[in-house]
Novice: 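The structure's right below; bear with me while I get my questions together.
Because the structure is predicted, anything quoted here is derived from the model rather than measured.
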Amino acid sequence: MVREQYTTTTPGTSLERPKNEYVYKIGIYGWRKRCLYLFVLLLLIILVVNFSLTIWILKVMWFSPTGMGHLRVTKEGLRLEGESEFLFPLYAKEIHSRVDSSLLLQSTHNVTVNARNSNGEVTGRLNVGPKMVEFHGQQFQINSKDGKPLFTVDENEVVIGTDKLRVTG
């Protein structure tokens, strides 16, 4: 237990102060204190670098509350505006272009569009290559703007125009 002593003297008298036998240093001193400060400084540097890299990634990827880059999240689904490049296959239920422009799909090899049933099996395939257009399915039909069939092909017959020319056999 630490004992406290109070000594009062009058000016001109000399008394020796009691020795500090029970004085304890509290806290971290020496090299431990320097290492602790170095560790806190290192953590602060890591925090600043992490924060700046996060902001840089958000800036480069064009993140916003409505989406990322040209990709916008809407009530109907995702909306992609402008040109985009897909490195892997794109799976979508519907693909539409704007009313005033056409939908443009480009590839260095070919463009393949697959139609699947509810089990995931391919029921129709349209393959547009550099030298030919190939279709696999039960029926192929090209319609006019007003919805009338212009060209229809199935296993049994080929119809060209609106019932003007029919080739069978």
Novice: To the nearest 0.5 Å, what is the distance between CG (Leu126) and CD (Glu134)?
Specialist: 9.5 Å
Novice: Under a 4.5 Å side-chain heavy-atom rule over Ile, Leu, Val, Met, Phe, Trp and Tyr, are Val133 and Val158 clustered together?
Specialist: yes
Novice: Heavy atoms only: give me the nearest Glu81-His70 pair and the separation to one decimal.
Specialist: O-CB, 2.7 Å
Novice: Please tabulate, one pair per line, all N/O donor-acceptor pairs under 3.5 Å involving side-chain atoms of residues 28-43, not counting sequence neighbours.
Specialist:
from: Tyr29; atom 1: OH; to: Ile26; atom 2: O; distance (Å): 3.0

Novice: How long is the gap from CE on Met132 to CG on Asn110, to the nearest 0.5 Å?
Specialist: 10.0 Å
Novice: Tabulate below the donor-acceptor pairs under 3.5 Å that side-chain atoms of residues 46-62 make, not counting sequence neighbours, or state none.
Specialist:
from: Ser52; atom 1: OG; to: Val48; atom 2: O; distance (Å): 3.1
from: Ser52; atom 1: OG; to: Val49; atom 2: O; distance (Å): 2.9
from: Thr54; atom 1: OG1; to: Asn50; atom 2: O; distance (Å): 2.8

Novice: Does CZ in Phe86 sit with more than 12 non-hydrogen atoms of other residues, nucleotides or ligands closer than 6.0 Å?
Specialist: yes
Novice: Counting C-beta onward and ignoring hydrogens, is there a side-chain heavy-atom pair between Val73 and Leu78 closer than 4.5 Å?
Specialist: yes
Novice: Any idea which heavy atoms bring Gln141 and Pro149 closest together, and the distance?
Specialist: NE2-CB, 3.2 Å
Novice: Say you draw a straight line from OG1 of Thr152 to CD of Gln139; how long is it, rounded to the nearest 0.5 Å?
Specialist: 6.0 Å
Novice: State the CD-CD distance between Gln138 and Glu155, to the nearest 0.5 angstrom.
Specialist: 7.5 Å
Novice: What distance do Thr112 atom OG1 and Arg125 atom CZ have between them, rounded to the nearest 0.5 Å?
Specialist: 7.0 Å
Novice: Do Leu80 and Val113 sit in one hydrophobic cluster, given that two such residues count as connected whenever their side-chain heavy atoms are within less than 4.5 Å of each other, even indirectly?
Specialist: no
Novice: If you look at every heavy atom in Ser64 and Arg72, which pair is closest and at what distance?
Specialist: OG-NH1, 3.6 Å
Novice: Determine whether a donor-acceptor pair (N or O, by modelled atom type, separation under 3.5 Å) exists between the side chain of Asn119 and the backbone of Glu121.
Specialist: no
Novice: Going from CD1 on Ile95 to CG on Leu90, what distance comes out if it is rounded to the nearest 0.5 angstrom?
Specialist: 5.0 Å
Novice: Quick check: does any side chain N or O of Arg79 sit under 3.5 Å from a backbone N or O of Glu76, one acting as donor and the other as acceptor?
Specialist: no
Novice: Apply ring pair (Phe, Tyr, Trp, His ring centres under 6.0 Å) to Phe140 and list each qualifying residue two or more places apart in sequence or on a separate chain.
Specialist: Phe135
